[in-house]
Amino acid sequence: MGLLVFKMCTITDTGAYVMRLPVWVPTVRIRVTTAALVLAWLAVWRMPFTLGMSQESEVLAGSVLSIILAAALFLLFRHAFSCADRRLKLIVYPIGFLFSGFTLVGIQLEASASLADFSIVTVLEGSFSLLLFTIVYGAGLLLFFQSMQKLAQPKPTGEKESLVSRIFGSFFVVFTLMVLCWLPAWLSFWPGIFTLDSGTQLYTYLDWVHSTHHPLLHTLFLGYCIMLGVELTAEGSAAVGLAIYSVVQLTIMAGIVAYACSWLRRKAAPFVARIMVIVLFALFPSYAIWSFSALKDVLFGGLVLLFVMQLIDLWQDQEALLRSPLRIVWFIVIAILMMLMRNNGIYALVLFMPFAIVLAKGARIRITALIAGCAALYLLANGALIWATEATQPCKIEMLSIPLQQIARTLRDHPDELALDTENVLDTLYDINLTEIYAPQVADPLKWAADYDEVDDNLPQLISLWVRMGIRNPRAYLEAFLIQNLPYYLPGSEMVYKIDSSVIQIDLYYIKEHSFLPAMRAFYENYVNTLSVFGLPGVRLLSDTAFFVWLCIAGVGYALYLRQRQWLPGFVFLLGIWCTCLVGPVAITRYMLGFFYAIPVIFAAMLAHAKNVVPTQLMNQTQPVNDVAQNISQ
């Protein structure tokens with residue numbers, strides 16, 4: 001800056017320095033404004049094409065809505081281009097590039113069920129849209145990060161916590177509030193929600209023919225609660241048993257949420273942020289519905305939240321935690337329970353291990369030993385359950401969901417590729433043509449139609465066929481993978497299954513339903529069908545898995561920007577769960593419940609008035625270009 005000031009000074013005949021107004025200041029301002037204006041117009045012009053809108057939507061370019069949108073984008077771009085924080089830009093625009101890629105690929109697949117044909121025109125159009133929406137998402141993230149910074153400004157020293165803040169940071173107050181808010185929802189669906197895998201798990205409990213396909217701990221817990229109700233009632237009511245399970249799970253989930261809110265208070269999260277988390281968990285319909293749904297994913301989601309908080313504590317307070325036997329035991333217990341409730345837990349922990357070693361600067365050996373010890377103790381505990389229940393290993397068909405989808409799609413698009421099956425492995429596994437039962441967004445039809453006994457016996461041949469067919473047909477394989485996982489990376493994408501609020505009946509015990517609050521049940525069922533509340537715009541995003549994945553990725557960027565590594569393990573572990581879900585049979589909300597519970601809590605904690613935030617990062621906001629000349633003159 002000193003060189004700039006020297007060049008902008010001239011010496012008069014008297015030898016005095018005279019400050020002249022820099023000629024480049026209005027030029028920079030004009031360039032920023034012009035660039036923002038042009039890019040805003042281009043974004044609005046390309047939006048119907050990029051987002052796959054109908055041909056009639058192209059008139060958006062001349063509508064009032066498009067003018068408002070262009071004006072908003074203009075202000076956003078001008079603000080982003082005026083930002084002098086180079087570090088911030090180096091973080092938000094790569095993430096924007098990723099989001100732009102998700103959007104373009106996802107919209108293309110959603111519109112035509114296939115990737116665009118490769119040509120010079122499509123490459124140029126795609127590249128232009130990719131870069132354009134990289135700027136859109138990058139500018140939006142820049143504003144989001146700066147808004148987070150402003151909300152996290154340090155509070156005045158010596159300020160005492162208010163009574164209201166202490167009350168709503170109390171475990172018992174929040175626990176009571178959650179129970180009071182969730183109980184009416186349960187009464188409207190009395191005795192609870194019993195669907196999908198719940199029925200299969202109960203059958204295995206009654207027949208005592210267990211399989212490790214479903215988490216054994218949850219199967220035993222569910223079966224015990226339902227049979228307890230049968231034994232306690234004269235008529236042998238399974239409905240009472242389901243009600244017992246619902247109340248117990250609702251209580252556990254309320255306790256987990258209450259612990260999270262008290263944890264936020266200990267982290268010095270702002271009072272407003274804590275209230276928003278409480279309101280979200282207490283009043284948003286999905287959290288109430290999941291609290292009494294007899295699915296293994298609910299307790300797993302709650303335990304993921306607990307484990308993520310433990311990871312944050314471990315990285316934020318390493319020495320204190322690693323020297324406390326009680327805190328180490330608590331960490332291990334939470335980790336083991338989380339992994340016992342769903343197999344994705346151990347898979348995600350294995351994926352997390354390399355990142356833990358990299359992130360655990362200063363305590364790599366101890367943290368690696370702790371996490372590896374959790375995995376080892378889980379294997380021992382799970383082995384004990386397998387021994388006690390005499391459980392058998394399931395067919396490997398579940399892990400073949402994506403490969404079977406890819407083979408079926410290849411045969412649908414290229415029937416001649418069946419000649420690669422020289423060992424007739426497909427004829428051995430199926431008595432039907434795979435293309436007749438191929439469903440792009442769900443692998444269940446292909447799984448259910450296979451001969452499970454033959455799958456294990458012919459697994460090497462099937463894998464060999466999958467590899468050989470994939471080498472010749474990479475595009476079909478990529479399309480099969482991306483289409484099935486659309487709801488995991490494209491916000492707003494429709495799911496095959498949403499939230500199931502029904503009760504399936506089993507042969508031995510009839511579960512009698514009765515709604516004590518039918519009007520409230522109608523409200524919740526409308527939410528289940530539409531994922532919206534009173535038609536309010538944007539509410540659907542709170543039930544969208546891809547939206548929470550995007551928030552998680554954005555959280556990684558924000559933690560890197562603040563140089564606060566304590567948040568990274570939580571986000572990385574959640575992304576590990578996401579990776580395990582990408583190879584599953586279908587993209588549904590319940591597999592990702594850990595995101596819905598953990599992300600709001602982590603973001604609220606990131607607003608804490610942390611002392612280790614770099615002061616220059618907190619105060620580094622956009623400087624208006626038209627004030628540069630005044631600052632230089634001063």
Side-chain angles (χ1 to χ4, degrees), residues 144 147-148 150-152 155 161-189 249-293 298 301-302 304-306 308-309 499 517 520 523-524 526-528 530-545 547-548 550-552 554-555 570 589 592-609:
F144 174 63
S147 300
M148 289 279 290
K150 290 181 180 179
L151 292 173
K155 61 182 178 181
E161 185 181 13
S162 66
L163 176 62
V164 177
S165 176
R166 292 198 299 272
I167 290 175
F168 283 97
S170 166
F171 173 90
F172 297 103
V173 171
V174 178
F175 172 80
T176 303
L177 182 62
M178 292 299 152
V179 171
L180 292 176
C181 289
W182 292 350
L183 273 180
W186 170 62
L187 292 175
S188 67
F189 284 91
Q249 179 175 277
L250 185 149
T251 303
I252 293 174
M253 295 304 296
I256 291 174
V257 170
Y259 176 84
C261 292
S262 62
W263 179 84
L264 285 175
R265 182 193 173 204
R266 293 197 300 272
K267 294 296 178 185
F271 174 67
V272 174
R274 290 192 280 122
I275 288 297
M276 290 178 66
V277 171
I278 292 173
V279 170
L280 176 68
F281 286 144
L283 300 182
F284 194 70
S286 65
Y287 295 100
I289 292 174
W290 289 121
S291 69
F292 55 85
S293 178
V298 179
V304 166
L305 168 59
L306 288 179
V308 165
M309 290 189 293
I499 301 175
L517 301 169
M520 181 170 287
F523 164 76
Y524 281 110
N526 179 71
Y527 164 76
V528 167
T530 63
L531 297 182
S532 64
V533 180
F534 303 126
L536 296 174
V539 171
R540 192 186 184 284
L541 290 176
L542 296 177
S543 307
D544 194 289
T545 54
F547 176 68
F548 278 85
W550 283 30
L551 285 178
C552 188
T589 302
M592 301 276 285
L593 283 182
F595 279 74
F596 290 84
Y597 287 106
I599 292 296
V601 174
I602 301 178
F603 269 95
M606 293 180 80
L607 294 175
H609 311 293

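Bear in mind the structure is a predicted one, so any value in this text is a computation, not a measurement.
Nearest heavy atoms, Ala604 versus Ala269: O-CB, 3.4 Å. In this structure, Leu517 and Ser188 approach most closely via the heavy-atom pair O-CB, 3.4 Å. Closest non-hydrogen pair, Ser532 versus Gly535, comes out as OG-N, 4.4 Å. Heavy-atom minimum distance, Ser291 versus Gln249: O-NE2, 3.1 Å. Taking every heavy atom of both residues into account, Ile499 and Leu531 meet most closely at CD1-CD2, 4.2 Å. The two atoms that bring Val601 and Met309 nearest to each other are CG1-SD, 4.3 Å, heavy atoms only.
Among the candidates Tyr527, Phe292, Phe281, the single residue satisfying the ring-ring contact (aromatic ring centres under 6.0 Å, His included) test with Tyr287 is Phe281.
Two residues are said to be in side-chain contact when any heavy atoms from C-beta on lie closer than 4.5 Å; Phe523 and Pro285 meet this criterion. Residues Arg540 and Phe547 fail the side-chain proximity criterion, which asks for heavy atoms closer than 4.5 Å.
No close placement of the Phe548 and Tyr597 rings is indicated, their centers lying 6.0 Å or farther apart.
For the atom pair Phe596 CZ and Leu542 CG, the distance stands at 9.0 Å (nearest 0.5 Å). Atom OG of Ser262 and atom CZ of Phe168 lie 14.5 Å apart (nearest 0.5 Å). With values rounded to the nearest 0.5 angstrom, Ile256 atom CD1 is found 11.0 Å from Phe175 atom CZ. Note that the CG atom of Leu280 and the CE atom of Met276 stand 8.5 Å from one another [nearest 0.5 Å]. Once rounded to the nearest 0.5 Å, the distance linking CZ of Phe144 with CG of Leu551 reads 6.5 Å. Taken from CH2 in Trp182 to OG1 in Thr251, the straight-line distance is 10.0 Å, to the nearest 0.5 Å.
The backbone N or O of Trp290 lies less than 3.5 Å from no partner atom in the side chain of Ser293, so there is not a single donor-acceptor pair. Looking at Arg166, its side chain does come within 3.5 Å of a backbone N or O of Glu161 through a donor-acceptor pair.
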Output, in order, the C-alpha distance, side-chain angles, deciding distance and verdict of side-chain contact (heavy atoms from CB on, under 4.5 Å) for Phe284 and Val539.
CA-CA 10 Å; Phe284 194 70; Val539 171; 3.5 Å; yes

Full working for side-chain contact (heavy atoms from CB on, under 4.5 Å) between Phe271 and Ser162:
CA-CA 9 Å; Phe271 174 67; Ser162 66; 5.5 Å; no

Applying side-chain contact (heavy atoms from CB on, under 4.5 Å) to Tyr259 and Leu306, what does each step give before you reach the verdict?
CA-CA 9 Å; Tyr259 176 84; Leu306 288 179; 3.5 Å; yes

